[in-house]
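This structure is a prediction, so every number in the text was calculated from the model and none was measured. Below, chains carry the letters A, B, ... as their sequence lines are ordered, and counting in each starts from 1.
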2 protein chains.
Amino acid sequence: MNTLTDNEQILIVDDEHAIREMICLALDEQNYQCVQANSAHIAEDIIRKAPPDLILLDWMMPGISGVDFARRLRRDKDSQNIPIIMLTAKSEEEDLVRGLNSGVDDYLTKPFSTRELIARIHALLRRSSPRNSDCVLSQSGLSLDNISHRVKGGSQNIELGPIEYKLLRLFMENPERVYSREQMLNNVWGDNIYVEERTVDVHIRRLRKALEPTGHNKLIQTVRGSGYRFSSQQGSS
Amino acid sequence: MNTLTDNEQILIVDDEHAIREMICLALDEQNYQCVQANSAHIAEDIIRKAPPDLILLDWMMPGISGVDFARRLRRDKDSQNIPIIMLTAKSEEEDLVRGLNSGVDDYLTKPFSTRELIARIHALLRRSSPRNSDCVLSQSGLSLDNISHRVKGGSQNIELGPIEYKLLRLFMENPERVYSREQMLNNVWGDNIYVEERTVDVHIRRLRKALEPTGHNKLIQTVRGSGYRFSSQQGSS
DNA sequence: CCAGCCTGTAACAAAACTGTAATAATGATT
DNA sequence: AATCATTATTACAGTTTTGTTACAGGCTGG
């Protein structure tokens, strides 16, 4: 829904609890959202209900093996495009051949470092989810360019800190919409972060001050009792 | 050379016939044109005669190792810009570290899936094909010549190390665009290669220092919280 | 094998940014 | 008008991010 704070969901399929926990811990730190499954069967269920953004799949599991499971996922239209990273302890030639056809996106041979795991997850997600926030937003002579991360009032460059930038982007993505302080916190700061709601006021102030030189501060309107709004029209309520 | 059927040519360097064949088969399906070499020596010959668009290079080969070969290719101006993907059976941290400095663009650990292989080849070719590899980029009196590999600030020659050169080229290919540290690592150092993000800062510093004598260091701007940008305009945000 | 260049890291310094609380304004209600 | 509720401003100390430097290898080319 929104590209400012995007926790991607990762499904870990492994029969060993310890390994799942370890991975989970590492991913948590990177702000990925983890879901665990100790068997292919359970994993299947989860995938059907809430498709994750990426799957970490153990090669060897009781019941359905990782390879077979991967193959099955690839056949199903719904799960076809979910990136899969296979976790394996093997590195033998025969497995190479078998693995070549199972259609997974990457391999990691145990033991692996969390560093490497995260790097690969990152790389895969980056490839599979093209961000669509690459555009220039503009309104009443104020423009915000996501590629160059630049804000201009007329032809004048405007300096903004990271938070003010995100705030303005949020506003400009939905002009006229009133955002409550809580919504702003969730969108700009992040979902699971605690800061005082009043802090928003301060950043609104900072944003307004930065926009003052070009007069665009008037675009940030206070909606008493509700929050703030980005609008080129007059008045508040 | 031939725009009607623009099959990109890929050179596979591996001493194992079976692997070469397997890869070849997969690439054929994707309409890539394959050339095989079972040793670095032969590969060298092929590259000299008909430079491929991309090289798949096995890490372990009798005679010259893949790492050494890659390094040699990187030193030679003619082969410097050909993307290289390293294929390795190892997954030890230390080996990866050794591979880092060889200047390859990406690496794949066996066993890998054809899906993954193709995805990475695709990604690399896409990234490197529109590269203005045979023209002179210039901006605000700073010019970078991809043919002679020379950088000039006004009429003054500027000496840059390989990394700083690539960094500057990346910047000048997309002025105004903000690059995150991760993006820079992927583009300049290579995909799936792990070095500290802060290392980028150091090289930015080195680049700036080298550009200082002609005042062009101001073109490299910091975008706090996001990365860096090459721009002739004022300010950052 | 040595001298010299290039790299990646770590460590410390310098800047920029943030969150909070305290206080002033402003609006709404009675 | 008085009072309460909500928002605006400001100052400041704590954090985070970036700048800079030094240094220990690795690789190159004698």
Distance check needed: [N] [atom2] versus [X] [atom1], whole Å only.
X: B:Arg206; N: C:dG8; atom1: CZ; atom2: P; result: 8 Å
X: B:His203; N: D:dT20; atom1: NE2; atom2: C1'; result: 14 Å
X: A:Arg208; N: D:dA8; atom1: CZ; atom2: P; result: 5 Å
X: A:Asp201; N: D:dA5; atom1: CG; atom2: P; result: 17 Å
X: A:Glu196; N: D:dC12; atom1: CD; atom2: P; result: 21 Å
X: B:Gln221; N: D:dT18; atom1: CD; atom2: C1'; result: 15 Å
X: B:Arg198; N: D:dT18; atom1: CZ; atom2: C1'; result: 6 Å
X: A:His149; N: C:dA16; atom1: NE2; atom2: P; result: 19 Å

Exercise for review: Would you please test A:Gln221 and A:Phe171 for side-chain contact (heavy atoms from CB on, under 4.5 Å) and show each step?
Suggested key: CA-CA 11 Å; A:Gln221 304 178 346; A:Phe171 278 139; over 6 Å; no

Practice item. Check whether the side chain of B:Arg224 and the base of D:dT17 form a donor-acceptor pair under 3.5 Å. Key: yes

Review point. Does B:Arg75 make a side-chain donor-acceptor contact with the base of D:dG29, cut-off 3.5 Å?
Key: no

Point to revise | First encountered from the 5' end of DNA chain C, between B:Glu197 and B:Leu160 | key: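 Result of the comparison: B:Leu160.
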
Heavy atoms under 4.0 Å, any strand shown: does [X] hit a base, just sugar-phosphate, or nothing?
X: B:Arg74; result: nothing
X: A:Arg181; result: sugar-phosphate
X: B:Ile204; result: nothing
X: B:Tyr165; result: nothing

Exercise for review: Please figure out whether B:Gly227 or B:Arg205 has its closest DNA chain D nucleotide nearer the 5' end.
Suggested key: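 Final value for this comparison: B:Gly227.
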
Practice item. Between A:Gly225 and A:Lys209, name the one whose nearest nucleotide on DNA chain D is closer to the 5' end. Key: A:Gly225

Exercise for review: Report yes if the side chains of B:Val200 and B:Trp189 come closer than 4.5 Å at any heavy-atom pair, otherwise no.
Suggested key: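 SC-SC contact between B:Val200 and B:Trp189 confirmed.
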
Check your understanding: In a check of side-chain hydrogen bond (donor to acceptor under 3.5 Å, both in side chains) between A:Arg181 and each of A:Thr199, A:Asp201, A:Asn186, which one passes?
Key ->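 Among A:Thr199, A:Asp201, A:Asn186, the one that satisfies the side-chain hydrogen bond (donor to acceptor under 3.5 Å, both in side chains) with A:Arg181 is A:Asp201.
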
Check your understanding: Going through the checks in order, is the side-chain contact (heavy atoms from CB on, under 4.5 Å) test met by A:Leu207 and A:Leu160?
Key -> CA-CA 7 Å; A:Leu207 178 54; A:Leu160 294 178; 3.9 Å; yes

Practice item. Select one nucleotide: of D:dC27, D:dT7, C:dT20, the one nearest the side-chain heavy atoms of A:Val202. Key: C:dT20

Answer yes or no: does a side-chain N or O of [X] lie under 4.0 Å from OP1 or OP2 of [N]?
X: B:Trp189; N: C:dT7; value: no
X: B:Tyr194; N: C:dT9; value: no
X: B:Tyr228; N: D:dT17; value: no
X: A:Thr199; N: C:dT20; value: yes

Exercise for review: Work out which heavy atom in A:Tyr179 is nearest to a heavy atom in A:Leu170; give both atom names and the distance.
Suggested key: OH-CD1, 3.7 Å

Practice item. State whether B:Asp105 and B:Arg74 are salt-bridged, where the test is any N-O pair (Lys NZ or Arg NE/NH1/NH2 against Asp/Glu carboxylate O) under 4.0 Å. Key: yes

